[in-house]
Amino acid sequence: MSGRSVRSAATEQTQHERPLRFAVIGAGMAGILTGIRLREAGYDDFTIYEKAERLGGTWRENTYPGIACDVPSHLYSYSFAPNPDWSHRFSPGSEIQAYFERVARERGVVERIRFGDEVTRLELRDGGWQLETKSGRRDRADVVIAATGVLHHPNIPEIPGLEDFEGALFHSARWDHGVAIDSRRVGIIGTGSSAVQIVSAIADRVAKLVLFQRTAQWIMPQENPAYSEAERAEFRRRPELVNQLHQDMATLFAGFASGLVDANSPQMKAIEDACLANLENGVRDPVLREKLRPTYKAACKRLVMSPDFYQAIQKPCAEVVTEGIERVETGGVRTRDGRLHELDVLVLATGFRVDRFLRPIQVIGRDGVSLDTLWAQRPSAYLSISIPGIPNLFMLNGPNGPVGNFSLIEVAELQLGYILQLVEPLRRGACREISPSEEATQRFEALRTEAARNTIWGSGCRSWYLDDRGIPASWPWTFDRFREEMSKPKLEAYEQVG
Ligand SMILES: Cc1cc2nc3c(=O)[nH]c(=O)nc-3n(C[C@H](O)[C@H](O)[C@H](O)COP(=O)(O)OP(=O)(O)OC[C@H]3O[C@@H](n4cnc5c(N)ncnc54)[C@H](O)[C@@H]3O)c2cc1C
């Protein structure tokens, strides 16, 4: 801190408005949103860097059979871009990808994206960020917004012999559409939402389906009805109906999210009852039923929604294997009981490395401190958005943000509204750098981890919601509180420098 002039929010500030240049990293849902909002706010000097050749992030990368959102489509839409044409309550991934492409095009964001250029390094110099990309491009920005995603880096399990497999092997987020699966023997490792969607989609097509299950999942029986042409025509005629639907669902899901933060809440009990009835009534064979029965509370892991998983997994071609995997061999997967499960295709539905965030970008902040050092133990951030010592860099869907079965679009919209208020002092010329204070961040983190222990995610299961200490890495309070917190920054928690 020495040698820098730190201003508190209360200090009288000399103001010289200055134009701000922004660099946005990533052109998925959150990066597109940022482009739209920056333009609306009158910030026209920005570039969106996207390492792929196409926008869409999650929805560009995940094209596996059966992919759909598990939050209703009318909620999983930007609040400012309702879509009367969603085909289903939970629409397929290709429709979601087309939605983001259309919105980005219509709102003039596509031409602001620099495709095929990965940001590799950010260094703070003289109150701004020097940015470098893989192609060797250099840029300078006053503010960086990292929209680099959270479910983005595939998690490849360390199973001995994986590289020996002679069939086709790929992660669910890298589905190889050149590989035929019809009438072939397909193995799936993992039982999360992606695995469940894949099982339902391919059980009728394959000769044999082996689901390698480490942990059974609670399955919420969610029907996925199609909207009729008449309904969609009505939505087109009366946009207020779509807005109302969005609003109603946001309220419903906020209520659900509020239940998550108390493991003993009535909402969690109701969900568990529904999942339990689904299991009891949906699985005939008592042996299979016991294999599929979880030993933890419903919603402790991300709740899996499916109208037909149990039907699919009971097809004669399907088998649930609960023996641990010993190794992968040329011809298939050998389990610890010595059995070889012969396969032509092996799908790793093993999720993502959820502790990466904007890494592997090398970030060098104030006084030469690197993000890798700051996050050596685990990632953390003040209100999920910003990091002490790393001024003018803000994350969307960053560490320890709200999780659960609700729309991350709403989360990103709220976060971006907060960030745009936070850059106001920079625009006004009140300071050149803004970052949360170490003290505010530590206080927040202590309260957060304390509260997180009481949430449903901390109620005793193994999941990707947990950090290296076993503490839920999430917003542990109600969604209404998150909304409230995001409505206006408390500037006393921030250092304004220069
Ligand atoms: C199978 C699946 C289903 C899901 N279903 C739902 C759902 O129903 N509801 C829900 O709310 N959420 C869902 N999610 C979460 C989903 O990830 C988010 O809703 C949302 O799409 C995230 O958007 P994003 O822009 O934050 O990140 P991403 O979509 O991951 O986009 C990040 C972008 O940044 C780019 N990028 C990353 N690093 C760099 C770099 N260094 N330089 C340049 N570009 C970079 C990437 O290429 C990518 O395009 C799902 C996720 C998965 C995997």
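Counting starts at 1 for both ligands and their atoms, in listed order.
Where the criterion is an N or O separation shorter than 3.5 Å, residue side chain and backbone included, Trp59 meets it with respect to ligand 1. Where the criterion is an N or O separation shorter than 3.5 Å, residue side chain and backbone included, Ala52 fails it with respect to ligand 1. Of the N or O atoms in Lys51, one or more lie within a sub-3.5 Å distance of an N or O in ligand 1. Checked against a 3.5 angstrom limit, the closest N/O atoms of Val150 and ligand 1 fall outside it. Residue-to-ligand polar distances keep Asn62 apart from ligand 1: every N/O pair is separated by 3.5 Å or more. Checking only distances, Glu50 does come within under 3.5 Å of ligand 1, N or O to N or O. By the 3.5 Å distance cut-off applied to N or O atoms, Ala30 is counted among the residues near ligand 1. On a distance-only criterion, Met29 and ligand 1 share at least one N/O pair closer than 3.5 Å. Residue Glu61 has no N or O atom closer than 3.5 Å to an N or O atom of ligand 1.
Trp175 has its ring centre less than 6.0 Å from the ring centre of Phe170. The aromatic ring centres of Tyr64 and His177 sit 6.0 Å or more apart.
Remark: Asp308 engages Ser200, Ser306, Gln311 in a side-chain contact (heavy atoms from CB on, under 4.5 Å) (not counting sequence neighbours).
At least one test fails for Arg21 against the ring of Phe46: distance under 6.0 Å to the centre or angle within 45° of the axis.
Taking a 4.0 Å cut-off on heavy atoms, Ile25 registers as neighbouring ligand 1. Not a single heavy atom of Gln197 sits closer than 4.0 Å to an atom of ligand 1.
In terms of protein heavy atoms, atom 20 (C) of ligand 1 is closest to Tyr76 OH, 3.4 Å.
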Distance-only criterion, 3.5 Å: show the donor-acceptor pairs between side-chain atoms of residues 80-87 and protein atoms not counting sequence neighbours.
| residue | atom | partner | partner atom | Å |
| --- | --- | --- | --- | --- |
| Asn83 | OD1 | Asp85 | N | 3.0 |
| Asp85 | OD1 | Arg236 | NH1 | 2.3 |
| Trp86 | NE1 | Ser73 | O | 3.2 |
| Trp86 | NE1 | Ser77 | OG | 3.0 |
| Ser87 | OG | Glu95 | OE1 | 3.4 |
| Ser87 | OG | Glu95 | OE2 | 2.4 |

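In this structure, the side chains of Ser79 and Glu410 stay at 4.5 Å or more apart for every pair of heavy atoms.
Taking the charged nitrogens against the carboxylate oxygens, Glu484 and Arg481 have no contact shorter than 4.0 Å, which rules out a salt bridge.
A donor atom on one side chain and an acceptor atom on the other are not found under 3.5 Å apart for Ser384 and Asn400.
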